Amino acid sequence: MININAKYRNIIEAIKDEIPFEPEICIILGSGLGDFANKVETIKSISTSSLPSYPLSTVQGHNGNLHFSKYANKKLFIVQGRIHFYEGYKISDCVLPVHLAAKLNCKKILLTNAAGGINPNFAPGDLMLIRSFVALNIKKEITNLIGLSSLELRNSMIDFPSEELNNLIIKAALEEKINLCEGTYWFTKGPSYETPAEIRMIAKYGGDAVGMSTVHEAFYAHYMKLKVAAISCITNFAAGLSPNKLSHQEVMDTAEKVKNKFEKLIKKSIELM
């Protein structure tokens with residue numbers, strides 16, 4: 001088991017010296033969704049490149065900033081720049097933003113991502129509330145990270161994701177007249193996109209959307225006793241479900257088209273939290 005407190009003590013101390021307040025809610029922004037950070041009142045921004053040994057994101061759409069912001073009288077910690085397993089980082093690096101949120105005394109976390117749609121009722125531009133996760137190919141890394149056996153991890157999955165937060169997000173979607181899908185998010189390690197055969201397998205076993213992030217952050221946040229909710233932006237059809245070749249640019253382009261809908265949903269959800 002890795003001692004994350006020791007590993008990131010310098011980063012935690014550096015941030016605590018600069019923060020303007022203790023945040024209540026952490027929001028981690030997925031690929032192409034980083035623009036949300038500019039839609040709320042920013043009190044303080046910290047570039048992750050200025051922090052000692054902070055893992056730097058190398059993916060387009062992840063700028064590498066930590067924002068302390070306010071909206072609707074809520075104090076927010078917004079992570080604009082996710083750390084991905086497929087970039088070559090260890091799982092302990094990938095959960096660093098969540099660890100920071102916990103150490104800054106956040107009580108709730110909203111994870112967002114861009115995902116490939118598998119459910120035939122989904123289309124690019126849809127937003128999906130994640131009801132459950134499949135993490136078969138990273139479960140070992142998660143259990144090793146937090147020091148729990150697979151059985152202990154299973155028994156700890158009470159109210160995960162948070163039913164309270166999920167219900168608030170559903171209410172927010174209804175009030176804003178946003179069509180909110182619901183489904184299961186299936187994690188793959190990447191960096192390559194899934195093959196059509198893999199997508200057929202995922203569909204057969206109940207996966208509604210597929211992506212390369214979020215699941216380990218969600219498990220770790222729950223372990224750290226944060227209430228967890230997660231939303232996927234369906235940015236493309238998964239491999240084999242469309243004649244188009246998969247590309248990160250398609251992810252970015254679709255996220256750009258739905259950013260206003262995404263902003264409305266997140267803002268209303270914050271108001272209700």
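Predicted model, so just to flag it, every value in this text is computed and none were measured. Computed over heavy atoms, backbone and side chain alike; hydrogens, waters and symmetry mates excluded.
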Report task. Test side-chain contact (heavy atoms from CB on, under 4.5 Å) on Leu110 and Cys26 and set out the steps. Result -> CA-CA 6 Å; Leu110 178 55; Cys26 175; over 6 Å; no
Report task. State, to 0.1 Å, how close Thr184 and Ser132 come at their nearest heavy-atom pair, and which atoms those are. Result -> OG1-OG, 2.8 Å
Query raised in the report: Same cluster or not: are Leu174 and Val258 linked, directly or through other Ile, Leu, Val, Met, Phe, Trp or Tyr residues, by side-chain heavy atoms under 4.5 angstrom apart?
Result: no
Query raised in the report: Does Thr48 use its side chain to pair, donor to acceptor, with the backbone of Gly64 at less than 3.5 Å?
Result: yes
Requested in this report: Anything under 30° is parallel, anything over 60° is perpendicular, the rest tilted; go ahead and classify Phe262 against Phe36.
Outcome: perpendicular
Report task. Name all residues meeting the ring pair (Phe, Tyr, Trp, His ring centres under 6.0 Å) criterion together with Tyr71; count only those two or more places apart in sequence or in a different chain, and write none if there are none. Result -> none
Query raised in the report: Which residues pass the ring pair (Phe, Tyr, Trp, His ring centres under 6.0 Å) test with Tyr185, sequence neighbours left out?
Result: none
Requested in this report: Measure across Ser69 and Phe21 and return the closest heavy-atom pair with its distance rounded to 0.1 Å.
Outcome: O-CZ, 3.4 Å
Report task. Kindly compute the distance separating CG (Leu129) from CD1 (Ile231), expressed to the nearest 0.5 Å. Result -> 6.5 Å
Requested in this report: Answer yes or no: is there a side-chain heavy-atom contact under 4.5 Å between Lys16 and Leu104?
Outcome: yes
Query raised in the report: So Glu263 and Lys267, salt bridge (charged side-chain N to carboxylate O under 4.0 Å, His left out) or not? Walk me through it.
Result: CA-CA 6 Å; Glu263 177 189 339; Lys267 281 186 171 180; 2.9 Å; yes
Query raised in the report: Do the non-hydrogen side-chain atoms of Lys70 and Val40 ever get within less than 4.5 Å of each other?
Result: no
Requested in this report: Please answer whether the main-chain N or O of Arg9 pairs with a side-chain N or O of Asn5 as donor and acceptor at a distance below 3.5 Å.
Outcome: no
Query raised in the report: So His67 and Ile43, side-chain contact (heavy atoms from CB on, under 4.5 Å) or not? Walk me through it.
Result: CA-CA 8 Å; His67 302 286; Ile43 307 301; over 6 Å; no
Query - Residue pairs involving residues 17-35 (criterion salt bridge (Lys or Arg N to Asp or Glu O under 4.0 Å); sequence neighbours excluded) - result: Glu18-Lys44, Asp35-Lys39, Asp35-Lys259
Query raised in the report: Do Thr214 and Arg82 come close enough that some side-chain heavy atom pair is under 4.5 Å?
Result: yes
Query raised in the report: With Glu141, which residues qualify under salt bridge (Lys or Arg N to Asp or Glu O under 4.0 Å), at least two apart?
Result: Lys189
Report task. May I ask you to check whether Phe133 and Phe187 place their ring centers less than 6.0 Å from one another? Result -> no
Requested in this report: Heavy atoms only: give me the nearest His222-Val228 pair and the separation to one decimal.
Outcome: N-CG2, 3.7 Å
Query - Nearest-0.5 Å distance that lies between atom CD in Glu175 and atom CD1 in Ile170 - result: 12.5 Å
Query raised in the report: How far does CD1 of Ile91 sit from NE2 of His216, to the nearest 0.5 angstrom?
Result: 4.5 Å
Query raised in the report: Considering only heavy atoms from C-beta outward, does the side chain of Leu96 approach that of Pro55 to under 4.5 Å?
Result: yes
Query raised in the report: If we only count heavy atoms from C-beta on, is the Leu66 to Val79 side-chain gap below 4.5 Å?
Result: yes
Query raised in the report: Does the side chain of Lys75 reach to within under 4.5 Å of the side chain of Ile25, using non-hydrogen atoms?
Result: no
Query raised in the report: Does some side-chain heavy atom of Leu180 sit less than 4.5 Å from a side-chain heavy atom of Ile169?
Result: yes
Query raised in the report: What residues, two or more places apart in sequence or in another chain, satisfy ring pair (Phe, Tyr, Trp, His ring centres under 6.0 Å) together with Tyr8?
Result: none
Query raised in the report: Pick one: which of Tyr86, Phe85, Tyr220 meets side-chain contact (heavy atoms from CB on, under 4.5 Å) with Cys94?
Result: Phe85
**Report entry** Steps toward side-chain contact (heavy atoms from CB on, under 4.5 Å) verdict (Cys181, Asn119)
**Finding:** CA-CA 10 Å; Cys181 304; Asn119 188 313; over 6 Å; no
Requested in this report: For Ile234 and Gly116, work out which heavy atoms get closest and say how close.
Outcome: CG2-C, 4.5 Å
**Report entry** Sidechain-backbone polar pair: Lys103 side chain, Ile12 backbone, donor-acceptor under 3.5 Å
**Finding:** no
Query raised in the report: Donor-acceptor pair, Asp126 side chain versus Phe122 backbone, under 3.5 Å?
Result: no
Query raised in the report: Pro97 and Ile28: which non-hydrogen atoms are nearest, and at how many Å?
Result: CB-CD1, 4.0 Å
Query raised in the report: Can you check whether Ser162's main-chain N or O pairs, donor with acceptor, with Asp159's side chain at less than 3.5 Å?
Result: no
Requested in this report: Inspect the contact between Lys261 and Glu176 and indicate whether a charged nitrogen and a carboxylate oxygen are less than 4.0 angstrom apart.
Outcome: no
Report task. Return each pair, listed once, that meets salt bridge (Lys or Arg N to Asp or Glu O under 4.0 Å) where at least one residue sits in residues 223-235; pairs must be two or more places apart or across chains. Result -> Glu164-Lys227
Query raised in the report: Rounded to the nearest 0.5 Å, how far apart are CG of Asn167 and CG of Leu272?
Result: 11.5 Å
Requested in this report: Side-chain contact test, heavy atoms from C-beta onward, threshold under 4.5 Å: evaluate it for Asn113 versus Cys233 and give yes or no.
Outcome: no
Query raised in the report: CG/Leu168 to CD/Glu271 distance, rounded to the nearest 0.5 angstrom?
Result: 12.0 Å
Report task. Evaluate the side-chain contact (heavy atoms from CB on, under 4.5 Å) criterion for residues Trp186 and Ile118: first the C-alpha distance (whole Å), next the side-chain angles of each, then the deciding distance (0.1 Å), finally the verdict. Result -> CA-CA 10 Å; Trp186 190 295; Ile118 297 175; 5.6 Å; no
Report task. In plain terms, say whether Arg131 and Asp208 are close enough for a salt bridge, that is, a side-chain N and a carboxylate O under 4.0 Å apart. Result -> no
Query - Closest non-hydrogen atom pair, Leu29 against Ala37 - result: CD1-N, 3.9 Å
Query raised in the report: Sub-3.5 Å donor-acceptor pair from the side chain of Thr188 to the main-chain atoms of Met212, do we have one?
Result: no
Requested in this report: State yes or no: do Leu226 and Ile15 share one hydrophobic cluster built from I, L, V, M, F, W and Y residues joined by side-chain heavy-atom distances below 4.5 Å, directly or via other members?
Outcome: yes
**Report entry** Euclidean distance, Ser53 OG relative to Lys7 NZ, rounded to 0.5 Å
**Finding:** 10.0 Å
